[in-house]
Each structure stands twice: as structure tokens, then as C-alpha cells.
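Worksheet for the structure shown next.
The sequence lines fix the lettering, A, B, ..., with proteins before strands; numbering per chain opens at 1.
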Number of protein chains: 2
Amino acid sequence: MTTRIQRRNRGLILDAALEVFSANGFRGATLDQIAAVAGLSKPNILYYFDSKERMHNALLEGLLDVWLAPLRAIDPEGDPRAQIMGYMRRKLQMSRDYPRESRLFANEVLQGAPRLETSISGTLRDLVDDRAAVIQAWSDAGRLPAIDPYHLIFSIWAMTQHYADFDAQIRLIRGKRDPMDGAEAFLEIVFERLLRV
Amino acid sequence: MTTRIQRRNRGLILDAALEVFSANGFRGATLDQIAAVAGLSKPNILYYFDSKERMHNALLEGLLDVWLAPLRAIDPEGDPRAQIMGYMRRKLQMSRDYPRESRLFANEVLQGAPRLETSISGTLRDLVDDRAAVIQAWSDAGRLPAIDPYHLIFSIWAMTQHYADFDAQIRLIRGKRDPMDGAEAFLEIVFERLLRV
DNA sequence: AATAATCTTGACTGAATGGTCAAGTCTGTT
DNA sequence: AACAGACTTGACCATTCAGTCAAGATTATT
């Protein structure tokens with residue numbers, strides 16, 4: 001049974017861990033940093049999560065559902081183009097609203113996903129396979145142009161997450177302008193043209 | 001004056017450093033690992049590069065030109081669509097041939113580019129501004145559809161580098177298939193449709 | 001109020017890691 | 001061969017960092 005204090009502190013710790021892991025990667029993050037951001041002592045955060053590794057894992061596991069929600073929300077019964085455009089928009093919105101989550105996963109995958117448990121990767125693969133099949137069926141029915149559904153999904157990930165993951169580079173190039181200024185309009189055009197039958 | 005031995009060892013070290021930094025990030029890489037991969041002792045690699053930081057920096061600086069070559073190769077006098085399609089193809093080829101370089105820069109940018117010297121970032125920004133202006137001029141002359149040239153460049157980066165940077169994720173989803181199978185054909189369609197006047 | 005359970009932390013420990021150094025080996029030049 | 005300069009390394013040091021622990025403080029239960 002979890003107490004009031006446990007709920008509060010686990011929350012504080014996971015939020016601090018997200019902050020620090022996403023900005024520095026697993027190896028670059030230190031428990032001292034996380035403790036400082038959480039406003040707790042280091043032994044105390046280790047009281048709630050047995051090790052740095054477990055903390056990281058709890059974070060990934062807890063965020064997976066949020067992270068995959070936009071893809072889950074694709075409705076096989078809906079209008080193909082509207083569904084995919086909606087997915088793209090939701091994913092871009094995620095990059096805007098949850099850049100830390102995006103960078104957390106990016107750090108992990110970039111280094112070969114050495115800490116992604118099989119349960120997490122299995123969930124991911126199954127969902128993608130399922131959604132790819134839906135898109136393929138739309139293609140086969142002539143309701144979408146013939147395109148590889150996996151590459152379509154990858155391209156949506158790539159372009160939307162780019163704004164969160166490579167924010168530093170975009171800022172460097174675009175100066176004071178908001179990195180996402182014009183992004184939605186641009187992506188709208190890209191996918192609208194791609195999906196036109 | 002640089003000796004034969006210096007040339008050989010600096011080369012060995014930078015290649016090992018690329019291997020280790022790109023796979024683990026700056027903080028995750030250790031000098032012991034780099035020394036082992038280079039086949040030299042740790043004090044010896046520090047004889048050639050004063051510190052881990054300098055080694056990393058020498059690597060980024062040395063690779064910048066290679067990395068930006070495809071963008072440089074865009075010819076303002078050429079055919080707009082062919083030039084941009086060619087750029088996309090060269091960039092995808094880079095992801096295939098030089099995934100380590102892609103991941104090295106990705107790691108750095110993902111963590112906020114804390115070690116990108118101003119000379120490097122200046123070079124990058126100037127080149128992108130220049131090429132964006134070329135693309136804008138093509139648009140203004142009606143030789144390309146009206147699209148934001150910066151977002152166009154970002155989208156090419158995003159989609160091509162995705163195959164190198166997130167290789168682990170793609171492999172997870174696609175199983176045994178080569179992650180880049182079908183990528184070129186897909187990107188060809190995306191940009192061909194986007195750039196049609 | 002008394003007791004048990006939960007929570008908190010200062011002070012540690014051992015391992016990893018970036019970097020140093022003095023002493024030695026190798027290479028090129030005369 | 002002899003010498004200078006370049007190269008190499010075992011042993012070491014200081015710091016950082018994940019994780020431990022015993023003792024104390026707080027909270028919940030009776």
C-alpha cells in the first residue's frame with residue numbers, strides 16, 4: 001500500500017529524473033543532480049528507487065503510454081487522410097508540450113537502446129505493426145496512395161520529434177525565432193501532398 | 001612538423017574516439033575505452049590530445065566539412081528540383097555510409113550542444129542561411145512551390161538522419177530487414193510531391 | 001501516550017575515471 | 001655509433017559518483 005508521502009516523493013523524483021536524464025542522458029545524469037532538482041537528499045531518492053537504473057526504467061515505463069497515445073488514437077474506422085494528418089498534428093503537439101519525454105527516448109535509442117526492457121520494446125513493436133497494417137489496408141483499398149506504412153510512420157516521427165530533439169541546433173540557426181514557428185504549416189503541406197490520392 | 005607516427009596515431013585515436021563517442025555520448029565515453037579501441041595506452045592517447053574535451057573537439061571540427069559537404073554541393077545555377085532531390089539523396093547516402101558521424105553530432109545537439117564551439121556553429125549557421133536564401137530565391141522566381149526553406153532543410157535532415165540516429169529503434173520494429181530498405185524510394189516520393197510546382 | 005512503521009540523512013565506502021609523471025624505449029640525424 | 005628528440009607506459013593521484021548504513025525524525029495506529 002502506498003502512502004501519501006510516497007506518492008508525493010515518487011512524483012517529485014520522477015519529474016526531476018526526467019529533467020536530468022533527458023538533458024544529459026543516462027550516463028551523464030548523476031543522482032546528486034536528480035536529488036537536488038527533486039529537493040530531496042540522495043539517500044532519500046535511493047529509498048524510493050533502489051538504483052539509478054531502476055529509476056530510469058520506471059521513468060521509461062511510466063511514460064511509454066503517454067508517448068504512444070497519439071499512435072493508439074488512430075482510428076481504423078476513420079477517414080484515412082484525416083487520421084494520419086491528425087496523428088501528425090498530435091505528434092507535433094507532443095514535441096511542443098513534452099520535449100523532455102522526446103529527448104529521454106531519443107537519448108536511449110541513439111545509444112542503441114541498451115536499457116529498453118523487452119516489455120517496452122514489445123509494446124512498441126506490436127503497436128507499430130498494428131497501425132502499419134491499418135495503413136496498409138487503407139492503401140490496398142485505394143483510399144490512400146500506395147506508400148510503405150512503416151516509412152510513413154518513421155517520417156512522421158522523424159519530422160515531428162526533430163523539433164524537440166534537435167531544438168538546440170534549430171535555435172542556433174533560427175536565432176531568436178521560436179523553433180516551431182511555421183513547422184505545423186510546413187508539415188501540413190508535406191503530408192497533405194504526400195497523401196493526396 | 002608532424003611525423004609519420006603522429007599521423008598514424010592521431011588517425012587511430014580519432015577513429016576510435018568516433019566509435020566510442022558516437023555510441024556512448026561524451027560523458028558516457030571513457031578514455032580507457034577509446035585507448036582500447038585505438039590499440040594504444042591511455043597515457044599515450046593523452047600524449048596526442050591533451051584532454052578528453054580536446055579530443056572530442058578535434059573530432060567535431062575535423063568532421064564538420066565532411067558533414068556539411070552535401071549541403072555545400074547545392075548549385076545555385078542548377079535546376080531547383082534536381083538540386084534539392086540530389087541533396088536529399090546525398091544526405092541519405094551519408095546516413096548509410098557514416099552513421100557514426102551522424103550519431104556523434106546527434107548526441108551533441110540532443111544535449112544542448114554544450115561543446116559546440118562558436119566557430120563550428122558559426123560555420124553551420126552561415127552555410128544554412130546561404131542555402132536557405134538560394135532556395136528562397138528559387139521559390140520567389142516561381143521555380144519551386146512556396147515553402148519555407150529552413151523547414152525544408154530541417155525536414156531533409158530529420159528524415160535522412162533518422163535512419164542513422166534511430167537505427168536501434170527501426171531495427172527493433174523491422175526485425176531482420178535492413179532498416180534502410182525502401183527508405184530511398186519513400187523519400188523520393190515525399191520530396192518529389194512536395195516540390196512539384 | 002505509547003508503540004510501530006515509515007521516512008530522512010550525515011558520514012561513509014569502493015569503484016571508476018580523467019589526468020600526471022618520471023623513467024624508459026624507439027627513431028631519425030649526424 | 002652517438003645523440004637529441006619523439007614516443008610510450010606502469011604506477012599513481014584526486015575527484016566523482018553510485019550505493020550503504022546506522023541512527024535519528026516524523027507519521028500512523030492503537
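- Across all strands shown, A/F49 has no heavy atoms under 4.0 Å from either base or sugar-phosphate atoms.
- Taking atom CD1 of residue B/I13 and atom C1' of nucleotide D/dC7, one finds them 11 Å apart after rounding to whole Å.
- Checking the phosphate oxygens (OP1, OP2) of D/dC7, a side-chain nitrogen or oxygen of B/T3 falls inside 4.0 Å.
- Note on A/R96 versus A/E184: salt bridge recorded, some NZ/NE/NH1/NH2 to OD/OE distance being below 4.0 Å.
- For B/F21 and C/dT17, the CZ to P distance is 13 Å, given to the nearest whole Å.
- One interatomic measurement links the two molecules: CG of A/N44 to P of D/dG19, which rounds to 16 Å at whole-angstrom precision.
- At whole-Å resolution of the value, CG in A/L12 and P in C/dT8 are 10 Å apart.
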Exercise. Nucleotide by nucleotide, 5' to 3', does protein get under 4.0 Å of the base (B), only the sugar-phosphate (S), or neither (-) in nucleotides 22-30 of chain D, counting heavy atoms?
Worked result: -----SS--
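- Atom-to-atom, CG of A/N9 to C1' of C/dT6 comes out at 12 Å; the value is rounded to the nearest Å.
- Ion pairing between A/R100 and A/D15 holds under the 4.0 Å rule for side-chain N and carboxylate O.
- For A/Y47 and C/dC7, the shortest distance from a side-chain N or O to OP1 or OP2 is below 4.0 Å.
- A heavy-atom distance below 4.5 Å is found between the side chains of A/W138 and A/I84.
- Remark: B/Y48 is not in phosphate contact with D/dA6, judged by side-chain N or O atoms under 4.0 Å from OP1 or OP2.
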For this session: Take nucleotides 18-24 of chain C nucleotide by nucleotide from the 5' end and write B, S or -, depending on whether a protein heavy atom sits under 4.0 Å from the base, only from the sugar-phosphate, or from neither.
Result: BBBB---
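- Hydrophobic cluster membership for A/V109: B/F166 (Ile, Leu, Val, Met, Phe, Trp, Tyr linked by side-chain heavy atoms under 4.5 Å, directly or transitively).
- Comment: A/R72 engages A/D65 in a salt bridge, judged by a side-chain N to carboxylate O separation of less than 4.0 angstrom.
- Of the side-chain N and O atoms in B/Q6, none sit less than 4.0 angstrom from OP1 or OP2 of D/dA6.
- Partner A/S102 forms a side-chain hydrogen bond (donor to acceptor under 3.5 Å, both in side chains) with one of A/D165, A/T160, A/D167 and no other, that one being A/D165.
- In this structure, A/I45 atom CD1 and C/dG10 atom P are separated by 14 Å, rounded to whole Å.
- Going from atom CG of A/L71 over to atom CG of A/L127 covers 4.0 Å, rounded to the nearest 0.5 Å.
- Distance CZ/A/F105 to CG/A/L68: 7.0 Å, rounded to 0.5 Å.
- B/N24 has its side chain within reach of B/Q33: a pair of non-hydrogen atoms, C-beta onward, lies under 4.5 Å apart.
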